[in-house]
There are 2 protein chains.
Amino acid sequence: MRGFLIVGNKALTKPFSLNDLPGAGRMDVLCRCTSQALLVSHGIRSDVEVYLLLLGPPEPPKAVMVRGGEVRRMSPDERNIAGHIRKALGVECGEDWTEVHSGVYVARKSLERLLEELTNRYKIVYLKEDGVDVKEVNIPPEPLFVIGDHQGLTEEQERVVENHAIAKVKLSHISLMAEQCITIIHYELDRRACFFEIA
Amino acid sequence: MRGFLIVGNKALTKPFSLNDLPGAGRMDVLCRCTSQALLVSHGIRSDVEVYLLLLGPPEPPKAVMVRGGEVRRMSPDERNIAGHIRKALGVECGEDWTEVHSGVYVARKSLERLLEELTNRYKIVYLKEDGVDVKEVNIPPEPLFVIGDHQGLTEEQERVVENHAIAKVKLSHISLMAEQCITIIHYELDRRACFFEIA
């Protein structure tokens, strides 16, 4: 499995307008991240899970989980994925995962609580521009990558992530958008998993 | 400079609804490609040009050019970029480029005509799954990458592209979405341009 956790510090925690995703606390960023994490050409990565942590008003925190192996009717456009997230935000939920529909779940979880849960199944890797170059790192099996939204993590969030992470990794000398980091991580791992393809 | 040409065989050639980009001949694909080609975190790649070739009804062919060094008010969400394209499709144009607004141009150009023009300034590279692994290729300066939409190029289009291309390159053993190919090409070229970053 590969996991991705994207932290949306401003992302609304109630149903929002599909006609203004940037205005919904940069929900567009979370949609693109989900798309790039789960989808390939005419297919879905069944071995990927996406965790979106929404921390904007009115009811933070909320976490949305999308399982590639279970989700149905997900297409790569932002509006489609936003529809899945909006539906999840309209569902009553507690601290345990509630299934919204096939492959999509919602819960009230803080960053700390979510990471504690995820460390049971994943090795946490923090993607950050001051990390070690990805080419110099052995990414462990079962990695989960933590990525900030367009504004990155707060100092306090960084401390929480670093307490759980086994590595801090950077991808490029250029500051990239969150979804670009996800595409590149997949590319690097796909190549490493397929040795005969590597030059 | 780096260029990208994305061929949208079904993409509408008249103004379309921003609320249904997939229904506008998979305009969502062209929007994501434009976003991933031009934008990085909080910035735009001023050395990139994007060419969208729209071949759907009612008035094909139309080409839209976006210059990273000139364009203003472009944000990474699909709806914003779709707005730029829609505006371009509402402008009367002939075979030469007409400026729609800062950095966005439109013209009536076939694939052949567009490639003839582009070979004056660029080395054409065709991104295709049966090409040579990108790790084994020296990408020349001033490359322009030709990418099909979700359905790829027709056989006739392939012949036209191959007549102009200096190389056919593949990126992964996994079949990727067009915008993912763009993100990865940037990543590969950014690393090659910055040798001290390479492990």
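Chain naming here is simple, since letters A, B, ... match the order of the sequence lines and numbering starts at 1 in each.
Contact annotation: the side chain of Leu21(B) never approaches that of Arg79(A) to less than 4.5 Å [non-hydrogen atoms, C-beta and beyond]. Side-chain contact between Val48(A) and Phe4(A): present, with at least one pair of heavy atoms (C-beta onward) separated by less than 4.5 Å. Taking 4.5 Å as the limit, every side-chain heavy atom of Thr13(B) sits out of range of all side-chain heavy atoms of Leu55(B).
For Ser75(A), no part lies under 4.5 angstrom from a heavy atom of chain B. With a threshold of 4.5 angstrom between heavy atoms, Leu39(A) approaches chain B through its backbone and through its side chain. Contacts of Glu188(A) with chain B are made by side-chain atoms alone, with heavy-atom separations under 4.5 Å and no backbone atom involved.
For the options Met177(A), Gln36(A), Glu78(A), His42(A), heavy-atom pairs under 4.5 Å to chain B are most numerous at Glu78(A). Between chain B and the residues Asp20(A), Val134(A), Asp77(A), Val40(A), the most heavy-atom pairs under 4.5 angstrom are made by Asp77(A). Among Ser41(A), Ser175(A), Gly43(A), the residue with the largest count of heavy-atom pairs under 4.5 Å with chain B is Ser41(A).
In this structure, Arg2(A) fails the cation-pi test against Phe145(A), since its NZ or CZ atom is not both closer than 6.0 Å to the six-membered ring centre and inside 45 degrees of the ring normal.
The residues Arg32(B) and Glu179(A) are annotated as not salt-bridged, no charged nitrogen and carboxylate oxygen being separated by less than 4.0 angstrom.
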